[in-house]
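Sequence lines set the chain letters: A, B, ... in the order given, protein chains first and strands last, and positions in each chain run from 1.
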Protein chains: 2
Amino acid sequence: MYSDLNISEFTQQLQNTNLDFQTKQIKKNDIITTYIKNRNQICILKKGNADIIRYDKNGNKTIIETLKANDIFGEVFFPINTNSELFVIAKTNCEVIFFLYDDIFKYRNALDNIFFNLFLNRTIKQNIRIELLTKRSIKEKLLSYFSFLSIEYNKKDFTLPLSYTDLADYLCIDRSAMMREIQHLQKENIITKNGYNIKLKK
Amino acid sequence: MYSDLNISEFTQQLQNTNLDFQTKQIKKNDIITTYIKNRNQICILKKGNADIIRYDKNGNKTIIETLKANDIFGEVFFPINTNSELFVIAKTNCEVIFFLYDDIFKYRNALDNIFFNLFLNRTIKQNIRIELLTKRSIKEKLLSYFSFLSIEYNKKDFTLPLSYTDLADYLCIDRSAMMREIQHLQKENIITKNGYNIKLKK
DNA sequence: CATATTTTGTTGCAAAAGCAACAGAAATTT
DNA sequence: AAATTTCTGTTGCTTTTGCAACAAAATATG
């Protein structure tokens, strides 16, 4: 999309640095990687096609992302969440370069690092959004959102940073249907609510 | 999230470069920017909160992204689509730094540029995904997806790069409901379909 | 501080989407 | 090339979600 990418040239450049990386061949239908908290892997798909997928408790498969040659992926980009294990599956035979975030980070200067981090934070934020939007019901969307807030604030009770009207717009659902679902969550004793204050009861 | 961001330090560093940028104060509820094709703006929100929003033809507002201090945004990250004009609205008084992609790009060396582009392409890809997932109905999700393929291939007819089963997983919808909707699109004469071949009739 | 505007909370009803099931086609494996 | 597996196409039924509407509460504005 933006400018020319030449991964094989890039790979050659890599050889001339001290940057640690590994290249692997992966067979069709095999697992390229699973996202593991704190490993902070960054991968580049050099050849082939792959999917980042998740199965939820109802057995629904979600394709989180489809990957093709030159795509970058890895748990660095994904805020790992207890409820979901992510797999990257080779759809065809693949060639993959594996890095660690910290190794790449060392290779950058001060001004670059700021941009690097702004990009990284942006992509993590987008992934949170995608994680919410891929949930199949209003209830799951809400619970995932509350769970993210709970992790962010490191508390079981927190104040919504959004009005309910805005929250519905953010989750792309009908506000009245959302309010109904919040009532259900209270009746089922999963949350308590007091104005914008939400408490997760588990 | 990853490492320490210090935007005011960053701003000072910027003063010592020849990088072109502008800083503006924007009042609450004012429009910070609209996304305009080919302007390739990159912005950093230095202070305040803002939303990236879209109104669809039914008047549904969608919050595409919520922005807070240190967040990066701009049309560089968004594949602009004829159906949707995006606005960035200040939720509080804001201070914003404006750059152009090309100016920032000049400031980077060869190895960096590859990573820079990989990041950029990744974020664009995520935005496409978010764009699809924020659509309110199966019909709109399908039409948006077809529209993206049509733009990517630069043709009104194209072959799906996914099975129908996978497409449903990608769009997070039920396969049978999706097939039913594809039938409707054919009956309404909006598309023709022959196996994995789709033609947009407009 | 009185008035206007926006947001919340709620409901009955309509529409959309999901679920289950299965036959036939296509693709893959042995 | 036969057998197995996966995918498509379809349908009736159920559940979920959206829509419309409105009163009460909260917030913003002159």
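- Rounded to whole Å, the distance from CG on B:Leu167 to P on D:dG9 is 12 Å.
- With sequence neighbours excluded, the residues forming a side-chain contact (heavy atoms from CB on, under 4.5 Å) with A:Thr192 are A:Lys199, A:Lys201, listed by chain and number.
- In this structure, A:Tyr153 has its ring center at least 6.0 angstrom away from the ring center of A:Phe148.
- Between A:Asn197 atom CG and C:dT8 atom P there is a gap of 14 Å when expressed in whole angstrom units.
- We find the CZ-SG distance between A:Arg129 and A:Cys172 to be 5.5 Å, quoted to the nearest 0.5 Å.
- Partners of A:Asp103 according to the salt bridge (Lys or Arg N to Asp or Glu O under 4.0 Å) rule, which considers only residues two or more places apart in sequence or in another chain, are A:Lys106.
- Contact annotation: A:Tyr196 reaches the phosphate of C:dT8 (side-chain N/O to OP1 or OP2, under 4.0 Å).
- D:dT16 atom P lies 14 Å from atom CG of B:Asp174, rounded to whole Å.
- Atom-to-atom distance recorded for A:Phe116:CZ and A:Asn121:CG is 11.0 Å, nearest 0.5 angstrom.
- Sorted by first then second residue, the side chain to side chain donor-acceptor pair (under 3.5 Å) pairs that include residues 156-169 of chain B, not counting sequence neighbours, are A:Lys91-B:Asp166, B:Thr159-B:Asn197.
- For DNA chain C, the neighbouring residues in residues 175-188 of chain A, judged by any heavy atom under 4.0 Å, are A:Arg175, A:Ser176, A:Met179, A:Arg180, A:Gln183.
- Remark: aromatic rings of B:Phe73 and B:Phe78 are distant, center separation not under 6.0 Å.
- Taking the salt bridge (Lys or Arg N to Asp or Glu O under 4.0 Å) definition, one finds that A:Asp102 meets it with nothing, sequence neighbours left out.
- The separation between A:Ile138 atom CD1 and C:dA16 atom C1' is 12 Å, rounded to whole Å.
- Atom CD1 of B:Ile173 is separated from atom P of C:dA15 by 21 Å (rounded to the nearest Å).
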Determine all donor-acceptor pairs shorter than 3.5 Å in which one atom belongs to a side chain in residues 57-67 of chain B; sequence neighbours excluded.
from	atom 1	to	atom 2	distance (Å)
B:Lys57	NZ	B:Glu140	OE2	3.2
B:Asn60	ND2	B:Asp56	OD2	3.4
B:Thr62	OG1	B:Arg136	NH2	3.4

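- Atom-to-atom, NZ of B:Lys61 to P of D:dC19 comes out at 16 Å; the value is rounded to the nearest Å.
- Within residues 157-166 of chain A, the residues having any heavy atom under 4.0 Å from DNA chain C are, by residue number, A:Ser163, A:Tyr164, A:Thr165.
- In this structure, the NZ atom of B:Lys141 is 11 Å from the C1' atom of C:dA16, given to the nearest Å.
- In terms of the side-chain contact (heavy atoms from CB on, under 4.5 Å) criterion, residue partners of A:Gln186 (sequence neighbours excluded) are, by chain and number, A:Ile182, A:Gln183, A:Ile191, A:Lys193.
- The salt bridge (Lys or Arg N to Asp or Glu O under 4.0 Å) contacts involving residues 36-48 of chain B comprise B:Arg39-B:Glu75, B:Lys46-B:Glu95, B:Lys47-B:Glu95, where partners must be two or more places apart or lie in separate chains.
- In terms of heavy-atom proximity, A:Ile26 sits nearest to A:Asp30 at CG2-CB, 3.8 Å.
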### Message
Within the 4.0 Å limit for protein heavy atoms, which parts of nucleotides 24-30 of chain C are touched? Write it as a string from 5' to 3', B for base, S for sugar-phosphate only, - for none.
### Response
-------

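- Summarising the geometry, the separation between NZ on B:Lys139 and P on D:dG18 is reported as 17 Å, rounded to the nearest angstrom.
- Taken to the nearest 0.5 Å, the CG atom of A:Leu45 stands 6.5 Å off from the CG atom of A:Asp71.
- By the side-chain contact (heavy atoms from CB on, under 4.5 Å) test, B:Lys28 is found to be paired with B:Asn93, residues two or more places apart in sequence or in another chain being considered.
- At its two ends the helix from C:dC1-D:dG30 to C:dT30-D:dA1 runs along axes set 70° apart, each axis drawn from five pairs and the angle rounded to 10°.
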